[in-house]
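Predicted model only: the values in this text are computed from it and were never measured. By convention in this document, chain letters (A, B, ...) are assigned in the order of the sequence lines, proteins followed by strands, and residues within each chain are numbered from 1.
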Protein chains: 2
Amino acid sequence: MEDSVDRPSALDIVRTRSLASLVSQEIEAMILDGRLPAGERLNEQQLALRLGVSRGPVREAVRGLERSGLVVSVRNQGSYVRSVSAAEALEIYDLRAALTGFACARLAGTATPAQRAELEALVLRMEAAREADAAPAYYAANLEFHAALLTHGGGPRGLRIYEDLGNELHLFRRRALVEPENMRESNAEHAAILAAITAGDAAAARVAGEAHIAGGKRRFQATDASRPAMPGAVEPVVTARRRRRAG
Amino acid sequence: MEDSVDRPSALDIVRTRSLASLVSQEIEAMILDGRLPAGERLNEQQLALRLGVSRGPVREAVRGLERSGLVVSVRNQGSYVRSVSAAEALEIYDLRAALTGFACARLAGTATPAQRAELEALVLRMEAAREADAAPAYYAANLEFHAALLTHGGGPRGLRIYEDLGNELHLFRRRALVEPENMRESNAEHAAILAAITAGDAAAARVAGEAHIAGGKRRFQATDASRPAMPGAVEPVVTARRRRRAG
DNA sequence: CAACTGCAACCTGTCAACAGTTTGCCGATA
DNA sequence: TATCGGCAAACTGTTGACAGGTTGCAGTTG
């Protein structure tokens with residue numbers, strides 16, 4: 001993400017993006033970083049007041065988030081941050097594996113030298129982060145690596161689907177545990193993917209890509225993350241009583 | 001889909017679904033059946049008047065459709081039905097192939113006897129439709145077959161992603177040409193998928209599933225569909241003048 | 001004492017109206 | 001005649017307000 005290329009001024013932002021899209025972006029961020037935990041009720045008035053807008057844009061934003069799978073809505077009752085079960089999380093891993101394998105296979109045949117160099121640089125960055133035991137840096141580079149994989153190999157649609165699935169995964173567990181041993185294993189898999197792509201071996205790249213996500217799934221299951229974050233966080237039902245004034 | 005199990009009365013519909021969701025459903029239908037062609041401008045007032053509601057629900061519905069990829073919006077200019085290029089259509093086919101292959105592979109290991117019977121019945125229905133040269137019946141059964149594949153093998157998420165991609169495909173070409181020869185080839189591939197699933201051979205099922213979508217892509221390319229439906233239908237840009245009162 | 005009923009507050013769903021921007025047209029001018 | 005500037009209409013973005021439904025509590029009754 002280059003900030004120096006285009007820095008949209010506040011005026012440009014207001015001029016090109018509607019309030020609803022900004023509100024959507026903000027609510028999505030609030031959900032992903034945990035300010036709005038899974039199962040939480042979204043109070044339109046409260047959100048509108050907090051963001052300094054009216055309820056209209058908030059409602060539009062929530063409707064978009066509902067389509068993307070982050071929110072569920074019940075008529076006359078409200079919208080809730082989605083709760084993702086452990087079984088669903090595993091399903092999401094499988095879908096991501098299929099998508100990643102597809103992107104890797106395709107990239108093996110179509111990768112340009114620049115794309116290969118980009119991926120290699122990211123692997124090196126992750127290796128450096130691992131040696132420095134810098135989990136946040138590794139985490140960021142890992143995200144970039146996978147985004148590059150999907151962008152170049154899966155196109156904009158593949159990337160968007162992948163990211164939506166990732167967002168749903170965040171709903172279950174805010175952040176994957178990044179342990180030193182995991183970083184080593186994970187980046188070895190990254191290197192395998194890159195090697196297969198560089199070799200132009202589509203089948204091997206696909207296997208490597210799928211194996212990497214499967215490895216992530218396995219590492220995820222190995223942690224205590226298979227238990228839901230909130231034991232009582234179930235899907236909203238009509239008979240469920242909504243709690244009053246949580247804040 | 002059984003209609004006898006749950007038949008939501010008009011009152012239940014009004015009571016459980018919000019106007020925005022109904023409007024979204026209606027606009028989506030209008031887009032998919034061609035009443036709103038690709039590139040068409042969506043006039044909020046006009047749509048609201050036509051559907052007998054206010055602009056609020058229409059805006060919410062459009063925002064949801066935007067997330068699902070059927071509509072693009074430009075601030076202060078309006079929303080347009082997405083235009084999908086030929087290259088994008090081919091990309092969508094590839095993604096669908098990956099998803100279908102994934103679902104088939106999984107189904108090879110997890111399919112219940114009832115699910116196998118359901119798939120087999122659909123193959124037989126398609127065979128009968130093919131012999132009767134009943135393209136619409138074949139088309140409908142084909143949709144059911146793929147939906148069953150994705151539902152049982154890819155879960156609700158897989159199905160939704162698959163259907164969203166299918167909707168985007170409809171934007172490019174309203175309806176795939178179903179010719180007798182295509183039906184024969186297509187259903188032979190269906191049978192191959194079913195055989196691999198029944199045999200429990202995940203690898204073969206995956207290959208068969210991917211090959212089927214690839215075959216569909218090939219049959220699609222063989223038609224004149226690779227040319228865009230509307231030569232002048234380009235993406236909306238800021239400088240584009242919107243035409244006045246099309247109705 | 002438990003269960004049911006009525007009530008009041010809150011919140012969502014929907015609508016109508018206002019402000020700002022874009023757009024196409026018309027006239028003025030070189 | 002072609003081009004530029006201004007102007008009015010239309011449409012979107014946003015807001016505030018009203019109606020209907022739900023929720024939780026309090027009172028009542030068996």
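Summarising the geometry, the separation between OH on B/Tyr80 and C1' on D/dT12 is reported as 11 Å, rounded to the nearest angstrom. At whole-Å resolution of the value, CG in B/Leu19 and P in D/dG21 are 13 Å apart. Rounded to whole Å, atom P of C/dT14 lies 12 Å from atom CZ of B/Arg17. Atom-to-atom, CD of A/Glu44 to P of C/dC11 comes out at 11 Å; the value is rounded to the nearest Å. We find that CG of B/Leu42 is positioned 13 Å from C1' of D/dC11, with the value rounded to whole Å. Distance CG (B/Asn43) to P (C/dT22): 18 Å, rounded to an integer number of Å.
Listed by chain and residue number, nothing satisfies the ring-ring contact (aromatic ring centres under 6.0 Å, His included) test with B/Phe102 (two or more places apart in sequence, or in another chain). Under the rule for a side-chain hydrogen bond (donor to acceptor under 3.5 Å, both in side chains), the partners of B/Arg55 that lie at least two apart in sequence or sit in another chain are B/Glu44. Under the rule for a salt bridge (charged side-chain N to carboxylate O under 4.0 Å, His left out), the partners of A/Arg219 that lie at least two apart in sequence or sit in another chain are A/Glu185, A/Glu189. For the side-chain hydrogen bond (donor to acceptor under 3.5 Å, both in side chains) test, residues two or more places apart in sequence or in another chain that qualify with A/Ser73 are A/Ser79. For A/Glu168, the salt bridge (charged side-chain N to carboxylate O under 4.0 Å, His left out) partners are A/Arg82, B/Arg157, not counting sequence neighbours.
Residues from residues 47-60 of chain B lying near DNA chain C, meaning a heavy-atom separation below 4.0 Å, are B/Val53, B/Ser54, B/Arg55, B/Pro57 in numerical order.
Using bins of under 30°, 30° to 60° and over 60° for the plane-to-plane angle, the ring pair B/Tyr93/B/Phe220 lands in the tilted bin.
A sub-4.0 Å separation between OP1 or OP2 of C/dT22 and a side-chain N or O of B/Gln77 is absent. Between B/Arg75 and D/dT14 there is a side-chain N or O to OP1 or OP2 distance below 4.0 Å. Regarding contacts with the backbone of C/dC11, every side-chain N or O of A/Asn76 stays at 4.0 angstrom or more from both OP1 and OP2.
Closest to the side chain of A/Gln45, out of D/dC11, C/dG13, C/dT12, is C/dT12.
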